[in-house]
Amino acid sequence: YADERRTEITSVAGEVDIEELIPEENCIITLTNMGYVKRQPTSVYRSQHRGGRGVSGMQHREDDYAEQIYSVSSHDHLLFFTTAGKVYRLKGYEIAESGRGGKGINVANLLQTEGDEKVSAMICTREFAGAEEERFVTMVTRKGVIKRTKLADFANIRRRGLIAVELDEGDELVWVCLTDGARDIFLETRNGMAIRFEESQVRAMGRTARGVRAIRLEEGDYVVGMALADESKTVLSVTEKGLGKRTEFDRFRNQNRGGRGVTAHRLTEKTGFVAGCLAVSDEDDLMLISRSGVIIRTSADTVSMVGRASQGVTVMRLDEDDALVTVTAVAKEPEEAETKDETQKESPEAGLTESAQTAENPPESTAAPEETEE
């Protein structure tokens, strides 16, 4: 037109945050052994009865399997810790959402990792400083070394990552959690040993420090799980062959850091070695995943409460060549109460009915007398 433009085209600065346009929702982050990651709504997996076979969680290569799952918010800061002791940061929504059968995207396309380092743990937070109480990142390595560092030290993470812990040769960083300086740390090993000690026994250190011994391990043993002791919750322990149990935390008395611990799971050829442990409440759902990529969601209160040195009950039925690799807890869905009627109509591939499970797979709790501390 002949007249001059009546509107002005300018860059918007400081008025609209692109993050405000992204809806916030709870989601499940799934990570495979070969480093493929994806984001899904928590409603994808319906609740099933204990002992079911579950549903397929994702497509994967023949030699790959789903290894870790996390329940987060799409707006949380996600800190990815690798086996090499480094840390990287993303926002939840930066991980692409995909369907239940989708393979996801290789995490190497999202993080600038180096060499053969692999993401081994993740935590989420809304802020790094300004909270009422000081928070710490508590890290435990496969060989039983523990370290605490202030969360504020991780506020400025470069795209190439930062060193989170200095590792000994042959060691790997496996478990990380947020603490407030007054918690009890609980660790369990592959051979079924566990130790509980006060967090204050580990002084706060700088990012590049090595850490101190958390538990004295026997030859061939290593840490498979870390939890924060909470008397309102129980410690769930699962084995490679699909057996699990819940035990009250007060069955594990506080000890000095660096000891051998006590027997936490009685292992036999039937149970296999311990695959993982975590703290759960009756209001939690459990997400269990096997090496073949099958995921099952079941209520935590369906797992029997038994003694410290017992085998437990079947929580996931596995094929002969399959194994349970990890477990995590997620919040129950509001509509979960309606799933009982739906479950009875499902085909065998989607899960057995409660009556069928009872007939085919009766509970097999084999509690043993309490053992003395070692």
Side-chain angles (χ1 to χ4, degrees), residues 14 16-32 35-42 67-98 104-114 117-140 147-165 173-181 183 199 204-209 226-228 278-279 287 326 328-331:
V16 177
D17 187 347
I18 189 64
E19 187 171 302
E20 296 177 359
L21 305 179
I22 301 175
E24 182 173 1
E25 60 181 0
N26 293 326
C27 54
I28 297 294
I29 304 295
T30 305
L31 184 69
T32 76
Y36 286 89
V37 63
K38 72 172 184 177
R39 175 168 59 94
Q40 299 172 273
T42 55
E67 187 177 57
Q68 301 180 44
I69 50 179
Y70 306 96
S71 178
V72 302
S73 165
S74 58
H75 281 211
D76 284 346
H77 292 284
L78 309 179
L79 299 184
F80 293 88
F81 294 81
T82 71
T83 53
K86 295 184 66 176
V87 57
Y88 302 82
R89 185 173 70 183
L90 289 176
K91 278 298 190 89
Y93 58 76
E94 293 184 84
I95 299 175
E97 184 173 328
S98 60
I105 185 172
N106 196 301
V107 72
N109 296 329
L110 301 174
L111 309 175
Q112 295 185 12
T113 56
E114 300 177 356
E117 66 177 319
K118 171 185 171 183
V119 173
S120 59
M122 187 191 76
I123 61 175
C124 58
T125 182
R126 276 303 180 93
E127 56 184 9
F128 291 89
E132 293 183 1
E133 70 278 347
E134 191 171 32
R135 293 184 294 171
F136 301 88
V137 176
T138 301
M139 297 164 275
V140 175
K147 175 190 171 183
R148 278 201 312 152
T149 301
K150 294 180 180 179
L151 177 61
D153 291 352
F154 297 96
N156 300 310
I157 300 178
R158 300 183 295 270
R159 288 193 61 83
R160 291 187 174 274
L162 291 175
I163 295 176
V165 59
L173 180 60
V174 287
W175 294 104
V176 181
C177 65
L178 283 176
T179 58
D180 59 10
R183 304 299 299 270
E199 174 189 350
M205 309 175 194
R207 278 193 306 102
T208 58
M226 173 186 183
L228 300 179
L278 72 160
M287 302 279 282
T326 193
T328 192
V330 297

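Quick caveat: nothing in here was measured; it's all calculated off a predicted structure. Heads up: numbering here begins at 1 and tracks the sequence.
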Flag, side chain of [X] to backbone of [Y], donor-acceptor distance under 3.5 Å:
{"X": "T149", "Y": "V137", "result": "no"}
{"X": "K147", "Y": "A209", "result": "yes"}
{"X": "K150", "Y": "R207", "result": "no"}

Checking [X] now: which residues fulfil salt bridge (Lys or Arg N to Asp or Glu O under 4.0 Å) with it, not counting sequence neighbours?
{"X": "D153", "answer": "none"}
{"X": "E97", "answer": "R39"}
{"X": "R183", "answer": "none"}
{"X": "E117", "answer": "none"}

Can you list everything that forms a side chain to side chain contact (heavy atoms under 4.5 Å, CB included) with T208? Sequence neighbours excluded, please. I163

Can you find a heavy atom in the side chain of L79 that is under 4.5 Å from one in the side chain of L151? yes

Note, I95 side chain near L78 side chain (heavy atom, < 4.5 Å): yes

Please report, to 0.1 Å, the donor-acceptor pairs under 3.5 Å made by any side chain of residues 104-114, with sequence neighbours excluded.
| from | atom 1 | to | atom 2 | distance (Å) |
| --- | --- | --- | --- | --- |
| N106 | OD1 | A108 | N | 2.9 |

Can you see which heavy atom on [X] is nearest to which on [Y], and at what distance?
{"X": "C27", "Y": "S73", "value": "SG-C, 4.3 Å"}
{"X": "I123", "Y": "V176", "value": "CG2-O, 3.6 Å"}
{"X": "T82", "Y": "S120", "value": "C-OG, 3.6 Å"}
{"X": "A279", "Y": "A227", "value": "N-CB, 3.8 Å"}

